[in-house]
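Everything numeric here is computed off the predicted structure, so don't read it as measured data.
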Amino acid sequence: MKTKLDGWILYSIAAAFFWGTWGVVAKLISDQVSPFTNHLLFSTGMLFTLPLVLKKSSQTKPNRRGILWGLVAGILAVIGNVAVYQSFTSGGLAAIVIPVTNLYPLVTIVIALLVFNEKLNWINGIGILMAIPAVLMLSGESLLFDNPAAFFQTIGLNSWLLYSLVALFFWGVFSAAQKETTNYISAEWSYISFIVSSVLIALVFISFGLVDLHVSTKTLGLGSLAGLLNGLGVLASFAAYSAEGKASKVTTIAGALQPVFTIVLAIIFLNESLSLIESLGIGLAIVGALTLSYEKDPVTVPSNTTS
């Protein structure tokens, strides 16, 4: 077996980096705006990334089914984002909501194995078993590890938990929808259709009066920057899927490494400290990503030639 540093894994790491950087910027305005206003700012920021894909997208003709899947992917992502906010406003604790929703790669993995018929070798399986705990350890909320009894006692059949599970489900399906989109159209067209979906939803939020258009210049700038970074992450993930990356691998690698970048950048720029749990999580995430990139060497059958 060997580690193949193919295009898909480089794009997966790039997606994790952009989303991880987005996490640092988003922290600066997360308590200042509603998710609906946040979505408008994100959509605005993503528009600045369009020049990166317009030229190349003009060279190919999009497939109608692929465009539809791209639009669906955007809708799924927004539903997940709003569900997380509703979970918090319904009384959900960050110590529970964040670890639960960060398990969304499990949904993608199930879809990839059962619907897409993706195959993983046993090394990849070990990688997933390492990456998923890493996601929990890097969630920034340590109640699960500090006091497991309190963590599970807090969980009950209530509205905020249901919203958390909705977010987990839709984010997981979103990642699978990204892969399905790139089966029909290029990464560039996939991203354009995603942006179109995001902008249309933002306009719906505005029409229903859900968006506060009176934000400070600082919030506008940081929100747009966060949107730009989030957009680059989405584009990189589309590129990973388009480069033949498996949904079960791409989403797990990006999901595990994203908080690694967020934590490292937060330590550098926000003077945050690193806990023991987070240190172990970083180690598991990196090793998990490496083992997920392992692929068996193709078996070559010698051809019998007769003269």
Side-chain angles (χ1 to χ4, degrees), residues 1-17 19-20 98-139 144-145 148 165 168-183 187 233 236-264 276-303:
M1 294 184 180
K2 63 180 181 180
T3 302
K4 299 175 68 176
L5 205 60
D6 290 333
W8 71 266
I9 190 171
L10 294 177
Y11 286 127
S12 299
I13 295 172
F17 172 76
W19 282 334
I98 293 177
V100 168
T101 54
N102 280 357
L103 289 175
Y104 73 89
L106 289 176
V107 176
T108 310
I109 291 169
V110 171
I111 294 174
L113 297 180
L114 299 183
V115 180
F116 298 161
N117 294 318
E118 293 185 359
K119 305 297 181 184
L120 300 175
N121 59 56
W122 65 273
I123 294 275
N124 300 152
I126 292 176
I128 290 176
L129 292 177
M130 299 180 75
I132 296 302
V135 169
L136 293 175
M137 298 169 78
L138 295 171
S139 65
L144 174 61
F145 304 97
L165 294 176
L168 178 152
F169 175 78
F170 278 95
W171 280 347
V173 179
F174 158 66
S175 296
Q178 284 186 285
K179 175 61 179 177
E180 187 68 12
T181 304
T182 57
N183 289 337
S237 61
F238 272 127
Y241 292 124
S242 186
E244 304 302 323
K246 295 180 179 179
S248 55
K249 293 186 176 185
V250 172
T251 188
T252 308
I253 290 176
L257 293 183
Q258 173 189 344
V260 173
F261 287 114
T262 299
I263 290 171
V264 172
L276 175 61
I277 292 295
E278 289 172 333
S279 300
L280 295 174
I282 288 175
L284 279 177
I286 293 174
V287 176
L290 288 174
T291 53
L292 276 167
S293 69
Y294 266 52
E295 293 187 9
K296 291 183 177 180
D297 293 321
V299 178
T300 57
V301 180
S303 58

Query raised in the report: Of all residues at least two apart in sequence or in a different chain, which pass the ring-ring contact (aromatic ring centres under 6.0 Å, His included) check with Tyr241?
Result: none
**Report entry** Contact check, side chains of Thr182 and Gln178, non-hydrogen atoms, under 4.5 Å
**Finding:** no
Query raised in the report: Short question: side chain of Asn124, backbone of Thr291 - any donor-acceptor pair under 3.5 Å?
Result: yes
Report task. Please report the shortest heavy-atom distance between Asn117 and Leu114, naming the atom on each side. Result -> OD1-O, 3.8 Å
Query - Sequence-distant partners of Leu165, side-chain contact (heavy atoms from CB on, under 4.5 Å), two or more places apart - result: Val100, Leu161
Query raised in the report: Who pairs with Thr108 by side-chain hydrogen bond (donor to acceptor under 3.5 Å, both in side chains), at least two apart in sequence or on another chain?
Result: none
Report summary line: So OG1 of Thr101 and CH2 of Trp171: to nearest 0.5 Å the spacing works out to 4.5 Å
Query raised in the report: What are the two closest non-hydrogen atoms of Ser12 and Ala240, and how far apart are they?
Result: OG-CB, 3.7 Å
Report task. Could I get the full list of side-chain contact (heavy atoms from CB on, under 4.5 Å) partners for Phe261, not counting sequence neighbours? Result -> Ile13, Ala16, Phe17, Leu257
Query - Residue Phe169 excluded, over 12 heavy atoms near CZ under 6.0 Å - result: no
**Report entry** 4.5 Å side-chain heavy-atom contact, Ser242 and Tyr11
**Finding:** no
Requested in this report: To the nearest 0.5 Å, tell me how far Asn121 CG sits from Leu292 CG.
Outcome: 9.0 Å
Query raised in the report: Is a side-chain N or O of Ser248 found less than 3.5 angstrom from the main chain of Ile109, in a donor-acceptor match?
Result: no
Requested in this report: Name all residues meeting the salt bridge (charged side-chain N to carboxylate O under 4.0 Å, His left out) criterion together with Lys249; count only those two or more places apart in sequence or in a different chain, and write none if there are none.
Outcome: Glu295
Query raised in the report: Can Leu138 and Asn102 be said to form a side chain to side chain contact (heavy atoms under 4.5 Å, CB included), step by step?
Result: CA-CA 10 Å; Leu138 295 171; Asn102 280 357; over 6 Å; no
**Report entry** Value rounded to 0.5 Å, distance of NZ in Lys246 from CH2 in Trp8
**Finding:** 8.5 Å
Requested in this report: Rounded to the nearest 0.5 Å, what's the gap from OG on Ser293 to CD1 on Ile253? Could you check?
Outcome: 6.0 Å
Report summary line: Contacts of Pro105 meeting side-chain contact (heavy atoms from CB on, under 4.5 Å) (sequence neighbours excluded), chain-then-number -> Ile132, Thr251, Thr252
